Amino acid sequence: MIAPGPGEPTVVAAPRAAPPREPAAMGYRRTAVLMDTLVTIEVVDGAAPDAAAAVERAFGWFCEVEARCNRFDPLSELTQLSARIDVPTPVSPLLYAVLDFALGVARASDGAFDPTLGYDLARRGFDRDYRTGRRGTAAGAPVGRADYRDVRLDPARQAVTLRRPLLLDLGAVAKGLAIDLAARELLPCRDFAIDAGGDLYLGGRNAAGEPWRVGVRHPRRADAALAVLRVGDLAVCTSGDYERRSPGPGGGHHLLDPRTGRPAAGAASVTVVAPTAMLADALATAAFVLGPERGLRLLERQGVAGLIVTPELDYLATPGFAEYQQWPS
Ligand code: AMP
Ligand code: MG
């Protein structure tokens with residue numbers, strides 16, 4: 001969540017829990033429910049030419065990414081693609097790019113990140129479209145048979161081939177992509193903030209002319225910050241075991257270990273600071289599943305800063321993380 005200027009309390013990144021702030025003086029701010037979360041966009045200088053139109057276009061990207069990448073919608077490009085096994089299927093540049101990126105993260109994390117977990121997620125109760133309450137594609141494939149290596153990309157034809165029955169799920173990257181596309185629209189406004197359920201991109205500076213202040217949520221206390229960051233022109237994304245709980249049998253959170261199909265147990269939360277939200281979003285999920293030691297190594301190898309909180313509430317940070325930290329916990 002985005003914090004206001006000096007003197008005001010820091011707002012903790014609490015996905016879906018925090019109500020939107022009152023509009024900043026002279027600022028322009030809009031909130032909408034998209035991608036199963038509250039998305040708030042704020043432009044510091046609301047009087048900037050075309051600020052309202054830029055925000056409108058920025059929200060348009062959330063709609064576009066959701067329409068293409070929503071596995072709960074039987075008509076989305078992603079769901080339609082998942083229905084075609086062993087057939088090279090040309091896809092849109094947007095879907096191709098996000099799949100290409102997701103497969104790269106899968107390789108870099110040795111499969112801890114895997115965009116083919118749709119059936120496992122559905123089986124654990126993550127199977128309803130938040131907009132309609134309707135059940136999505138049934139949990140139909142054999143457990144653990146397919147993985148990211150069964151998705152083949154053909155760059156020349158911009159085509160995708162699924163070599164086994166699987167259900168693609170881009171829940172760990174799509175929001176980051178939407179944030180980045182939205183941020184691109186807002187660049188002419190210079191100083192802006194995008195908050196999509198606690199995943200953030202902060203452009204330029206806040207209303208006080210200082211770097212944006214971001215509270216990292218304590219994974220066990222929704223109203224407490226365990227770190228406060230100062231950032232500008234950067235994304236900050238968090239994956240936490242408190243974010244979504246399965247309504248299905250067995251409960252559990254939404255970050256699955258692909259080796260078991262069950263919730264990963266090595267971390268309570270991971271926060272990543274990176275130049276793009278897609279990178280921060282995906283690496284936070286990947287590091288969460290890998291757990292503290294391997295997760296930290298992945299973040300360092302990828303050249304991003306991050307903080308991993310273990311289930312015992314120990315903190316591990318990359319060396320670069322301190323650069324953004326306003327005060328230690
Ligand atoms: P995030 O909150 O960004 O960490 O993303 C969580 C979402 O990522 C879940 O709701 C799933 O859609 C998806 N997901 C869960 N486990 C994994 C995994 N191991 N690899 C890739 N995506 C995953
Ligand atoms: Mg993520």
Side-chain angles (χ1 to χ4, degrees), residues 1-2 11 13-21 23 27-43 46 51-80 92-95 97-99 101-102 115 118 121 126-137 168-187 189 192-203 214 217 235-240 243-245 247 254 276-282 284-285:
M1 184 62 71
I2 302 137
V11 182
R16 297 190 295 180
R21 277 198 291 131
Y28 180 82
R29 159 186 287 253
R30 259 185 61 197
T31 297
V33 176
L34 287 159
M35 304 183 93
D36 198 10
T37 199
L38 272 184
V39 181
T40 297
I41 298 180
E42 173 180 340
V43 172
V55 171
E56 185 70 31
R57 287 196 301 278
F59 274 112
W61 282 114
F62 279 89
C63 300
E64 174 76 12
V65 173
E66 182 166 38
R68 293 206 180 274
C69 301
N70 182 359
R71 94 170 139 86
F72 303 98
D73 178 354
L75 298 178
S76 78
E77 193 182 6
L78 187 79
T79 312
Q80 307 262 316
S92 65
L94 188 147
L95 185 56
V98 70
L99 275 172
F101 176 82
L121 287 157
F126 298 105
D127 61 350
R128 283 178 193 272
D129 189 324
Y130 76 97
R131 297 167 303 185
T132 60
R134 244 182 271 131
R135 283 217 145 87
T137 313
L168 292 162
D169 175 275
L170 295 174
V173 273
K175 215 194 305 164
L177 171 66
I179 292 172
D180 290 334
L181 292 167
R184 210 171 56 179
E185 296 292 351
L186 297 168
L187 280 180
C189 303
F192 61 89
I194 304 170
D195 177 353
D199 287 341
L200 314 169
Y201 186 89
L202 295 316
V214 174
R217 200 200 112 144
V236 183
C237 293
T238 298
S239 288
E243 279 176 351
R244 285 173 207 273
R245 310 294 300 185
H254 65 319
T276 71
M278 187 156 76
L279 191 60
D281 191 5
T285 308

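Throughout, residue positions are numbered sequentially from 1 according to the sequence presented. This is a predicted model, so every value here is computed, not measured.
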>> Between Lys175 and Asp281, does any side-chain N to carboxylate O distance fall below 4.0 Å?
In response: no
>> Test of understanding: with side chain to side chain donor-acceptor pair (under 3.5 Å), list the residues that count as partners of Glu64, not counting sequence neighbours.
In response: Arg68
>> Run Ile179 and Phe62 through side chain to side chain contact (heavy atoms under 4.5 Å, CB included) and show every step you take.
In response: CA-CA 7 Å; Ile179 292 172; Phe62 279 89; 3.8 Å; yes
>> Quick check for you: to the nearest 0.5 Å, what is the distance between Tyr201 atom OH and Leu186 atom CG?
In response: 10.0 Å
> Which atom pair, heavy atoms only, marks the closest approach of Leu168 to Arg71?
Replying inline: O-CB, 3.6 Å
> How far apart are the closest heavy atoms of Thr79 and Ser76, and which atoms are they?
Replying inline: OG1-OG, 2.9 Å
>> I need the minimum non-hydrogen distance between Gly176 and Ala277, along with the two atoms involved.
In response: O-CB, 3.5 Å
>> Please evaluate residues Val55 and Cys189 with respect to the criterion side chain to side chain contact (heavy atoms under 4.5 Å, CB included), reporting the C-alpha separation (whole Å), side-chain torsions for both, the decisive distance (0.1 Å), and the verdict.
In response: CA-CA 10 Å; Val55 171; Cys189 303; 6.0 Å; no
>> Go through it in stages, so that I can follow the logic: the residues are Val33 and Leu38, the test is side chain to side chain contact (heavy atoms under 4.5 Å, CB included), and I'd like the CA-CA distance, side-chain angles, deciding distance and then a yes or no.
In response: CA-CA 5 Å; Val33 176; Leu38 272 184; 3.8 Å; yes
> Just how far is it from atom CG of Leu177 to atom CG of Leu94, taken to the nearest 0.5 Å?
Replying inline: 5.0 Å
>> Please report the interatomic distance CG(Leu78) to CG(Asp73), rounded to the nearest 0.5 Å.
In response: 10.0 Å
> Do any N or O atoms from the side chain of Thr276 and from the backbone of Ala235 form a donor-acceptor pair under 3.5 angstrom?
Replying inline: no
> Which pair of heavy atoms, one from Leu95 and one from Cys69, lies closest together, and at what distance?
Replying inline: CD1-SG, 4.3 Å
> Which atom names give the shortest non-hydrogen contact between Gln80 and Leu75, and what distance separates them?
Replying inline: NE2-CA, 3.7 Å
>> Looking at every heavy atom in both Leu121 and His254, which two are closest together, and how far apart are they?
In response: CD2-O, 3.7 Å
> Taking Val173 as the fixed residue, which of Val98, Val65, Thr285 is the one that meets the side chain to side chain contact (heavy atoms under 4.5 Å, CB included) rule?
Replying inline: Val98
>> Going by side chain to side chain contact (heavy atoms under 4.5 Å, CB included), name the residues that satisfy it together with Glu185, two or more places apart in sequence or in a different chain.
In response: Arg57, Ala58, Trp61
>> Taking the side chain as everything from C-beta on, heavy atoms only, tell me whether Asp199 gets closer than 4.5 Å to Thr37.
In response: no
>> Taking side chain to side chain contact (heavy atoms under 4.5 Å, CB included) as the definition, give me every residue that meets it alongside Ala32, ordered by chain and number, with sequence neighbours left out.
In response: Leu34, Phe59
> Just by distance, do the side chain of Glu42 and the backbone of Ile194 share a donor-acceptor pair under 3.5 Å?
Replying inline: no
